[in-house]
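Encoded as structure tokens, the structure appears first; notes follow it.
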Amino acid sequence: MEPVLSRRPHDRVTVRAPAKVNLHLSVGQLRPDGFHDLTTVYQAVGLYDEVVLTRAAELTVTVDGPGAEQVPLDATNLAVRAVSLAAAHTGQDGRVGVHISKGIPVAGGCAGGSADAAAALVGCDALWGTALPKEELSGLAAQLGSDVPFSLHGGTALGTGRGEQLTEVLARGDYSWVLALSSGGLSTPAVYGELDRQRESGPVGIVHTPDEVLAALRKGDPAALGRALRNDLQPAALALQPSLRRLLDTGRDLGALGALVSGSGPTVMFLAREDAHAVALAASLAGQGVCTAVRRADGPVPGARITEVH
Ligand code: C5P
């Protein structure tokens, strides 16, 4: 149950925001604005960052949890940018203390930074009692990053444009994912840049529609979904981190219904048959030394949600 909110301001707000995986990511041409046209199907999965916002003397950010040392603590932090943007939009002073507890892999292709930004937007809105309409929050989210509107929205959705334009899709069933983490992290612009480089000597990028993924989701058929998974960024991520190939093969050998690099990677996602298979798959992957950590996460789950207000 979400806490009941009012238009009155609060002193402290806690928000939980989920990781995402891309069930389909088809990348088209590089646009003049530096982004690529794409079609994607996002699913929010049950692996979370928690963001606590408090009234403070100035805008500050602290981070804990796995990979925290890789998260910037300056004005480039996406949650800090979200607070500044929301403050400018609503006329608030933006003096907020932000504390992020990371549960989502950092620089892993699972929208961890976008989750923090979405959480900060929702949290500031409650902290200040500004009660912004959903569409306005989504508009701010799109200014912060291509995946931030989805981190607000959650569930399963089709993303077009650069990923920020969302359409609800009919999705039945719950899906058991195993996420295998690798050290290092991959930079999203570097992976898109590698894709452009590969395409200089190959076919140009065409945006494919996710017909098979959408049909599998409509039926609630995990085996069909596993077969239909697609990510045009995968060859670029594999070129930058060749060890991911062995990880993908290992998961397939262990009976995963589908295996795919998540977003720009290096996290690899495996679709399990059901929960018991996910437990076994996670244990086997962890035991084989092909990744640094494994997490189980079911999807779909809701987007950024307030869990506590004071
Ligand atoms: O939107 P976001 O800040 O997450 O994008 C990070 C980078 O990823 C962009 O600067 C761009 O290099 C690349 N990108 C892209 N096309 C997209 C989304 C992201 O080229 N649709």
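Remember, it's 1-based here, ligands and their atoms both numbered in the order they're listed. Position 1 is the first residue of the sequence, and the numbers go up from there.
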### Message
Could you tell me, atom by atom, which parts of ligand 1 come under 4.0 Å of a heavy atom of Phe35?
### Response
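So the answer, numbered in order with elements, is 1 (O), 5 (O), 9 (C), 14 (N), 15 (C), 16 (N), 17 (C), 18 (C), 19 (C), 20 (O).
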### Task
State the atoms of ligand 1, each with its element, that fall below the 4.0 Å cut-off from a heavy-atom position in Gly34.
11 (C), 20 (O)
[Y] versus [X], side-chain donor and acceptor atoms under 3.5 Å:
X      : Y      : value
Ser264 : Thr188 : yes
Gln43  : Thr156 : yes
His99  : Asp64  : yes
Ser146 : Arg162 : yes
Glu212 : His24  : no

### Task
Please verify whether a non-hydrogen atom of Leu38 lies at under 4.0 Å from ligand 1.
yes
How far is [atom] from its nearest protein heavy atom, and which residue and atom name does that atom have?
atom                    : result
atom 7 (C) of ligand 1  : Pro189 CG, 3.9 Å
atom 13 (C) of ligand 1 : Tyr192 CD1, 3.4 Å
atom 8 (O) of ligand 1  : Thr188 CG2, 3.3 Å
atom 20 (O) of ligand 1 : His36 ND1, 2.6 Å
atom 18 (C) of ligand 1 : Ser146 OG, 3.5 Å

### Task
Ignoring hydrogens, just give me the one of Gly161, Gly163, Ala111, Gly145 whose non-hydrogen atom is nearest atom 3 (O) of ligand 1.
Gly145
### Query
So, Gln92 side chain and Gly94 main chain: donor-acceptor pair closer than 3.5 Å or not?
no
### Query
If you measure every N/O of Arg162 against every N/O of ligand 1, is any gap under 3.5 Å?
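Yes; the residue has a nitrogen or oxygen that sits under 3.5 Å from a nitrogen or oxygen of the ligand.
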### Query
Which pair of heavy atoms, one from Ala259 and one from Leu248, lies closest together, and at what distance?
C-CD2, 3.7 Å
